Amino acid sequence: MNTEYVAWGLLAAGCAVLVFSCAGAVAVRSLYVRLHFLTPVTSLSGPLIGIGLAIDAGWGLTAALDLAIVALLAVTGPVLTSATGRAVATRRGRIRTDSPQ
């Protein structure tokens, strides 16, 4: 019964981060600021929700799959956000195409 409260707390925290990040992204106009608002969705909200689901499901194949997806999301999400920002900056001429940074 105690793990159920922990799971619901993690799910609620993850959903709250998701809602606030999306509301912030809708409120601003700049693409770069929107990317900053959406990064917590992959690096914080996704892991909170995934861990909450894994705790609720108990230890087994479902929990292992949830945690594998969360790990993949947490590792690749910030990298994809950075790559998106770099692609937009290159297209808009803010950085050179041959720049190694």
Side-chain angles (χ1 to χ4, degrees):
M1 187 83 142
N2 194 14
T3 59
E4 186 177 332
Y5 292 125
V6 172
W8 278 104
L10 288 171
L11 287 170
C15 289
V17 170
L18 179 72
V19 168
F20 289 131
S21 291
C22 290
V26 169
V28 297
R29 292 194 178 270
S30 172
L31 176 69
Y32 300 111
V33 178
R34 283 184 182 176
L35 285 174
H36 282 288
F37 271 110
L38 293 179
T39 301
V41 172
T42 57
S43 60
L44 188 60
S45 178
L48 285 173
I49 292 172
I51 292 170
L53 290 174
I55 289 172
D56 189 46
W59 296 110
L61 183 60
T62 305
L65 289 174
D66 286 342
L67 294 176
I69 292 168
V70 163
L72 184 65
L73 179 68
V75 169
T76 60
V79 174
L80 290 173
T81 302
S82 176
T84 302
R86 180 171 172 79
V88 170
T90 303
R91 182 171 291 212
R92 291 183 179 175
R94 293 190 179 187
I95 59 174
R96 293 190 326 252
T97 310
D98 59 345
S99 175
Q101 297 178 342

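The model shown is predicted, which means the values in this text are computed figures rather than measured ones. These numbers come from the heavy atoms of this one structure, side chains and all, not from hydrogens, waters or symmetry mates.
- Pairing each heavy atom of Ser43 with each of Pro47, the nearest pair is O-CG, 3.6 Å.
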Enumerate, atom names and distances included, each donor-acceptor pair closer than 3.5 Å involving a side-chain atom of residues 68-77, sequence neighbours excluded.
unit_1, atom_1, unit_2, atom_2, d
Thr76, OG1, Leu72, O, 2.7

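- Here Leu35 pairs with Thr81, Thr84 under the side chain to side chain contact (heavy atoms under 4.5 Å, CB included) rule; sequence neighbours left out.
- What you find for Ala7 and Ile55 is that their closest heavy atoms are CB-CG2, 4.0 Å.
- Contacts of Leu18 classified as side chain to side chain contact (heavy atoms under 4.5 Å, CB included), with partners at least two apart in sequence or in another chain: Cys22, Val41, Ser45.
- A continuous path of ILVMFWY side-chain contacts below 4.5 Å connects Leu44 to Val6, so both sit in one hydrophobic cluster.
- Evaluation of the side chain to side chain contact (heavy atoms under 4.5 Å, CB included) rule for Asp66 yields Leu53, Ala54, Thr62 as partners, not counting sequence neighbours.
- Residues passing the side chain to side chain contact (heavy atoms under 4.5 Å, CB included) test with Tyr32 are Ser30, Val88, Ala89, Arg92, Arg94, sequence neighbours excluded.
- Membership of the apolar cluster around Val33 extends to Val28, Phe37, as traced through chained side-chain contacts below 4.5 Å between ILVMFWY residues.
- With Ser82 contributing its side chain and Pro78 its backbone, the two residues share no donor-acceptor pair below 3.5 Å.
- Using a 4.5 Å cut-off on side-chain heavy atoms (C-beta onward), Leu10 and Ile49 make no contact.
- One finds the CG atom of Leu38 at 7.0 Å from the OG atom of Ser21 (value rounded to the nearest 0.5 Å).
- The shortest heavy-atom contact between Ala63 and Gly58 is CB-O, 3.1 Å.
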